[in-house]
Protein chains: 2
Amino acid sequence: MLEQKVNRNSHQREVILEELRMVKSHPTATTLYKLVSKRLPKISLGTIYRNLDLLSKRGVIQKLEVSGSVARYDGDTDKHYHICCTNCGRIDDIYHLPEELINIDLSKIEGYDVKGYHMNFYGICSDCRENQ
Amino acid sequence: MLEQKVNRNSHQREVILEELRMVKSHPTATTLYKLVSKRLPKISLGTIYRNLDLLSKRGVIQKLEVSGSVARYDGDTDKHYHICCTNCGRIDDIYHLPEELINIDLSKIEGYDVKGYHMNFYGICSDCRENQ
DNA sequence: GTCCCTGCAAACTCTTTGCATAAAA
DNA sequence: TTTTATGCAAAGAGTTTGCAGGGAC
């Protein structure tokens with residue numbers, strides 16, 4: 001995972017990146033704002049959004065390509081998939097997937113110059129299965 | 001494709017459904033609102049949203065599971081995939097996909113009771129390739 | 001007549017942006 | 001000193017909702 005240099009090394013940006021990398025929960029901007037606020041009580045939501053945008057555009061972090069009204073972010077840029085619990089909304093990582101998925105022949109889709117695909121799984125997480 | 005009965009047969013709902021089924025463009029609520037307005041000039045956006053929500057909850061139409069800030073709807077509920085042009089934003093249907101994709105072994109994802117997955121392709125459409 | 005649905009407008013949520021100030025280099 | 005980034009607050013976009021009146025059955 002190569003680290004790209006960002007323009008200026010603001011303290012806020014460092015803390016945002018640290019906190020995002022510290023959690024495995026693919027937080028929303030607001031959730032991350034609450035986490036960061038514990039260390040930087042004066043930070044604003046706007047700064048969170050501006051930095052998440054900047055960092056994801058530079059490939060330092062990842063903005064998840066999932067449907068839904070709220071954007072979610074991931075500090076892990078290694079290739080992996082996500083699975084979302086349709087009951088509680090939590091999102092977990094999937095690192096290992098059946099091999100055949102990785103080698104899809106994208107040339108067969110007519111008209112388009114296909115660049116790639118986004119794939120997300122959904123189901124019921126173990127916590128939700130137990131609590132009912 | 002079984003048609004489910006909806007509560008009351010309002011004229012607005014019928015027209016919304018007709019117009020949605022008439023286009024292949026996976027419109028947003030606002031786009032559909034403009035289409036429907038030609039036939040029902042007094043209809044409101046709220047009615048569009050309420051009916052799209054009702055119809056998709058009943059499986060009569062489909063709310064697309066694509067990332068992005070605007071919801072898109074599809075009058076075709078047959079199993080198919082979508083490909084989105086990253087340049088102009090248009091969304092096209094994909095009906096034929098390599099066979100191996102259809103038979104993914106979902107049991108291998110730990111912890112979850114996996115119900116399914118959403119998959120969306122992206123690339124450059126032929127129109128955009130020509131116009132540059 | 002009953003109850004669902006509509007049009008309208010206001011409210012809400014998430015995100016972006018303008019501006020004056022503060023911080024990095 | 002120069003330029004970028006921040007905090008704040010207001011604005012924007014998309015969507016939802018409360019309410020009174022209208023339409024389906």
Rounded to whole angstroms, how far apart are [atom1] on [X] and [atom2] on [N]?
X       : N      : atom1 : atom2 : answer
B:Leu45 : D:dG14 : CG    : P     : 10 Å
A:Ile16 : D:dA5  : CD1   : P     : 12 Å
B:Glu14 : C:dC4  : CD    : P     : 19 Å
B:Asp53 : D:dT17 : CG    : C1'   : 12 Å
A:Leu54 : C:dT17 : CG    : C1'   : 16 Å
B:Leu52 : C:dT6  : CG    : P     : 11 Å
B:Arg13 : C:dG7  : CZ    : P     : 12 Å
A:Ile48 : D:dA5  : CD1   : C1'   : 13 Å

_Candidate nucleotides C:dG7, C:dC5, D:dG7, ranked by approach to the side chain of A:Thr47 - the nearest_ =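 Out of C:dG7, C:dC5, D:dG7, the nucleotide with an atom closest to A:Thr47's side chain is D:dG7.
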
*Using a heavy-atom distance cut-off of less than 4.0 Å, which residues of residues 22-29 of chain A contact DNA chain D?*
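Contacts with DNA chain D under 4.0 Å: none.
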
_In this structure, would A:Val23 and A:Tyr73 fall into the same cluster of hydrophobic residues linked by side-chain contacts under 4.5 Å?_
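A:Val23 and A:Tyr73: one cluster.
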
*asked:* For residues B:Val15 and B:Leu20: do they belong to one hydrophobic cluster (side chain heavy atoms under 4.5 Å, members Ile, Leu, Val, Met, Phe, Trp, Tyr)?
replied: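 B:Val15 clusters together with B:Leu20.
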
Residues in side-chain hydrogen bond (donor to acceptor under 3.5 Å, both in side chains) with [X], at least two apart?
X       : answer
A:Thr31 : A:Thr28
A:Gln62 : none
B:Ser67 : A:Glu65
B:His80 : B:Asp74, B:His82, B:Asp93

_Using a 4.0 Å heavy-atom cut-off, does B:Asn51 contact any base of the nucleic acid, only the sugar-phosphate backbone, or nothing at all?_
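Sugar-phosphate: the residue B:Asn51, judged by heavy atoms under 4.0 Å, touches backbone atoms but no base.
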
*How far apart are the C-alpha atoms of A:Tyr122 and B:His118, what are their side-chain angles, what is the distance that settles it, and do they pass the ring-ring contact (aromatic ring centres under 6.0 Å, His included) test?*
CA-CA 8 Å; A:Tyr122 58 92; B:His118 301 299; 4.5 Å; yes

*asked:* At 10 degrees resolution, what angle do the end axes of the helix from C:dG1-D:dC25 to C:dA25-D:dT1 form when each is taken over five base pairs?
replied: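 Helix axis angle between the two ends: 30°.
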
*asked:* Between A:Arg13 (side chain only) and A:Leu55 (backbone N and O only), is there a donor and an acceptor less than 3.5 Å apart?
replied: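 No, because the side chain of A:Arg13 does not come within donor-acceptor range (under 3.5 Å) of the backbone of A:Leu55.
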
*Give a yes or no answer on whether the side chain of A:Arg72 reaches the backbone of A:Lys63 with a donor-acceptor pair at less than 3.5 Å.*
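It does not hold such a pair.
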
_Working for side-chain hydrogen bond (donor to acceptor under 3.5 Å, both in side chains), residues B:Asp92 and B:Tyr81_ = CA-CA 8 Å; B:Asp92 284 298; B:Tyr81 296 85; over 6 Å; no

_Test question: given the 4.5 Å side-chain rule for I, L, V, M, F, W and Y, name all other residues clustered with A:Val66, or answer none._
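Noted: A:Val66 shares its cluster with A:Leu64, A:Ile91.
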
Would you list the protein and nucleotides 18-21 of chain D atom pairs, both N or O, that sit under 3.5 Å from each other?
| residue | atom | partner | partner atom | Å |
| --- | --- | --- | --- | --- |
| D:dG18 | O6 | B:Arg50 | NH1 | 3.2 |

*Quick one: salt bridge (charged side-chain N to carboxylate O under 4.0 Å, His left out) partners of A:Lys115, sequence neighbours excluded?*
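Here the qualifying residues are A:Asp113.
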
Are there any protein N/O atoms within less than 3.5 Å of an N/O atom in nucleotides 21-25 of chain C, and if so, which ones and at what distance?
| residue | atom | partner | partner atom | Å |
| --- | --- | --- | --- | --- |
| C:dA24 | N3 | A:Arg8 | NH1 | 2.8 |
| C:dA25 | OP1 | A:Asn9 | N | 3.4 |

*asked:* Any non-hydrogen side-chain atom of B:Val60 less than 4.5 Å from a side-chain atom of B:Thr77?
replied: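 With C-beta onward as the side chain, the pair stays apart.
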
*Any side-chain donor-acceptor pair under 3.5 Å between B:Asn9 and B:Glu14?*
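Short answer, yes.
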
_Can you confirm if the NZ or CZ of B:Lys79 lies within 45° of the ring axis of B:Tyr117 and under 6.0 Å from the centre of its six-membered ring?_
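Yes; both conditions hold, so B:Lys79 lies above the ring face of B:Tyr117.
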
Can you tabulate the close N/O pairs, meaning under 3.5 Å, that link protein atoms to atoms of nucleotides 9-14 of chain C?
none

What pairs of donor and acceptor atoms, side-chain ones from residues 36-45 of chain B against any protein atom, are under 3.5 angstrom apart with sequence neighbours left out?
| residue | atom | partner | partner atom | Å |
| --- | --- | --- | --- | --- |
| B:Ser37 | OG | B:Tyr33 | O | 2.6 |
| B:Arg39 | NH1 | B:Glu18 | OE1 | 3.2 |
| B:Arg39 | NH1 | B:Glu19 | OE2 | 2.8 |
| B:Arg39 | NH2 | B:Glu18 | OE1 | 2.9 |
| B:Ser44 | OG | B:Thr47 | N | 3.4 |
| B:Ser44 | OG | B:Thr47 | OG1 | 3.3 |

